[in-house]
Participant: 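Pasting a structure below so you can have a look.
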Amino acid sequence: QVQLVESGGGLVEAGGSLRLSCAASGRTFSSFVMGWFRQAPGKEREFVAAISRSAEMTIYVDSVKGRFTISRDNARSTVTLQMNSLKPEDTAVYYCALSLIAYDSTWSRLRSSYNYWGQGTQVTVSS
């Protein structure tokens, strides 16, 4: 069984930065694609970013390109989302997820491609 635990959320002013981390246990972390999703109140959970097993490939939703960076440390079984230039519309609960499906620039954006999820961490950006 896989456990994913997010940390690093909080309240920040617009233009500020936050760094989210997700610690994984229970499987060989380096074998799997990792992703971040977010869900704002009253909205569907949406894809934010994903990273391939050895970090050679990353993808982002257009709204965060140039502001967010996903990275991973396979030795520590962690994946990180560095969020800069935050905007009020980035306010959401952010979820870390693990996919058993090989990296693909289309499939790795889909919620249905992910098999395990963390409990989420709240990010609130004030204007």
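This one's a predicted model, so the numbers in the text were calculated from it and none came from an experiment.
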Participant: Give me the atom names and distance for the closest heavy-atom approach of A40 to T91.
Facilitator: CB-O, 3.7 Å
Participant: Is the shortest side-chain heavy-atom distance between F32 and I101 below 4.5 Å?
Facilitator: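 Not touching, per the 4.5 Å side-chain cut-off.
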Participant: Check whether any side-chain heavy atom of Y95 sits under 4.5 Å from a side-chain heavy atom of Q119, and report yes or no.
Facilitator: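 No, too far: nothing below the 4.5 Å cut-off.
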Participant: Listed by chain and number, what are the side chain to side chain donor-acceptor pair (under 3.5 Å) partners of E56, not counting sequence neighbours?
Facilitator: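 For E56 the side chain to side chain donor-acceptor pair (under 3.5 Å) partners, ignoring immediate neighbours, are S52, S54.
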Participant: Carefully, step by step, assess V123 and L20 under the rule side-chain contact (heavy atoms from CB on, under 4.5 Å).
Facilitator: CA-CA 9 Å; V123 171; L20 305 183; 4.0 Å; yes
Participant: Mind listing the closest non-hydrogen atom pair of S17 and S85 along with its distance?
Facilitator: OG-N, 4.3 Å
Participant: Report the distance from atom CD of E13 to atom OG1 of T124, rounding to the nearest 0.5 Å.
Facilitator: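 OG1 of T124 is found 13.0 Å from CD of E13.
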Participant: Can you list every pair that meets salt bridge (charged side-chain N to carboxylate O under 4.0 Å, His left out) and has a residue in residues 86-96, with sequence neighbours left out?
Facilitator: R38-D90, R67-D90
Participant: Can you check side chain to side chain donor-acceptor pair (under 3.5 Å) on T78 and D73, steps first, answer last?
Facilitator: CA-CA 5 Å; T78 58; D73 183 341; 4.8 Å; no
Participant: Considering non-hydrogen atoms only, spot the tightest contact between S108 and A50 and give its length.
Facilitator: O-CB, 3.8 Å
Participant: Tell me whether N74 contacts the main-chain N or O of R53 through its side chain, where contact means a donor paired with an acceptor under 3.5 Å.
Facilitator: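 Yes: the side chain of N74 pairs with the backbone of R53.
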Participant: Would you check if Y60 and V48 make a side-chain contact, meaning some heavy-atom pair closer than 4.5 Å?
Facilitator: no
Participant: If we ignore hydrogens and angles and just use 3.5 Å, is the side chain of T28 paired with the main-chain N or O of S30 as donor and acceptor?
Facilitator: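 Here the side-chain-to-backbone pair does not exist.
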Participant: Report yes if the side chains of C96 and M34 come closer than 4.5 Å at any heavy-atom pair, otherwise no.
Facilitator: yes
Participant: Please tell me if the side chains of E6 and W36 come closer than 4.5 Å, counting only heavy atoms from C-beta onward.
Facilitator: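 The answer is yes, as the side chains (C-beta and beyond) meet within the 4.5 Å cut-off.
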Participant: Do other residues, nucleotides or ligands put more than 12 heavy atoms under 6.0 Å from the CD atom of Q39?
Facilitator: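 Counting other residues, nucleotides and ligands, CD of Q39 exceeds 12 neighbours.
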Participant: With side chains defined as the heavy atoms from C-beta onward, is the minimum distance between W117 and R111 less than 4.5 Å?
Facilitator: yes
Participant: Identify whether L110 and I59 are in the same connected component of the hydrophobic contact network (ILVMFWY, side-chain heavy atoms under 4.5 Å).
Facilitator: no
Participant: Check L100 against N115 and note the closest heavy-atom contact, atom names and distance.
Facilitator: N-OD1, 2.8 Å
Participant: Mind checking whether V79 and C22 have side chains closer than 4.5 Å, heavy atoms only?
Facilitator: yes
Participant: Tell me, with the steps shown, if Y94 and Q122 meet side-chain contact (heavy atoms from CB on, under 4.5 Å).
Facilitator: CA-CA 6 Å; Y94 282 72; Q122 177 70 48; over 6 Å; no
Participant: Roughly how far apart are S7 OG and R19 CZ, rounded to 0.5 Å?
Facilitator: 10.5 Å
Participant: Please report the interatomic distance CZ(R72) to OG1(T58), rounded to the nearest 0.5 Å.
Facilitator: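 Reported value, rounded in 0.5 Å steps: 11.5 Å.
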Participant: Might you work through the ring pair (Phe, Tyr, Trp, His ring centres under 6.0 Å) test for F47 and F37, ending with a clear yes or no?
Facilitator: CA-CA 4 Å; F47 169 77; F37 287 72; 5.7 Å; yes
Participant: Verify the neighbour count for atom CZ of R45: are there more than 12 heavy atoms of other residues, nucleotides or ligands below 6.0 Å?
Facilitator: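 Result for CZ/R45: enclosed.
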Participant: If you apply the rule side-chain contact (heavy atoms from CB on, under 4.5 Å), what do you find for T69 with M83, and how did you get there?
Facilitator: CA-CA 7 Å; T69 302; M83 305 186 296; over 6 Å; no
Participant: Under 4.5 Å between any side-chain heavy atoms of L98 and L4, yes or no?
Facilitator: yes
Participant: Where do S127 and P88 come nearest, in terms of heavy atoms and distance?
Facilitator: CB-CG, 3.8 Å
Participant: Please name the pair of heavy atoms, one in Y114 and one in G35, separated by the smallest distance, quoted to 0.1 Å.
Facilitator: CE2-N, 3.6 Å
Participant: Under the side chain to side chain donor-acceptor pair (under 3.5 Å) rule, what do Q82 and T80 come out as? Steps first, then yes or no, please.
Facilitator: CA-CA 6 Å; Q82 177 68 44; T80 300; over 6 Å; no
Participant: Under the 3.5 angstrom rule, does the side chain of T121 hit a backbone N or O of G9 as a donor-acceptor pair?
Facilitator: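 Yes: the side chain of T121 pairs with the backbone of G9.
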Participant: For a side-chain contact (heavy atoms from CB on, under 4.5 Å) check, start with the C-alpha distance between I51 and Y103, then their side-chain angles and the critical distance, and finish with the verdict.
Facilitator: CA-CA 8 Å; I51 188 166; Y103 177 86; over 6 Å; no
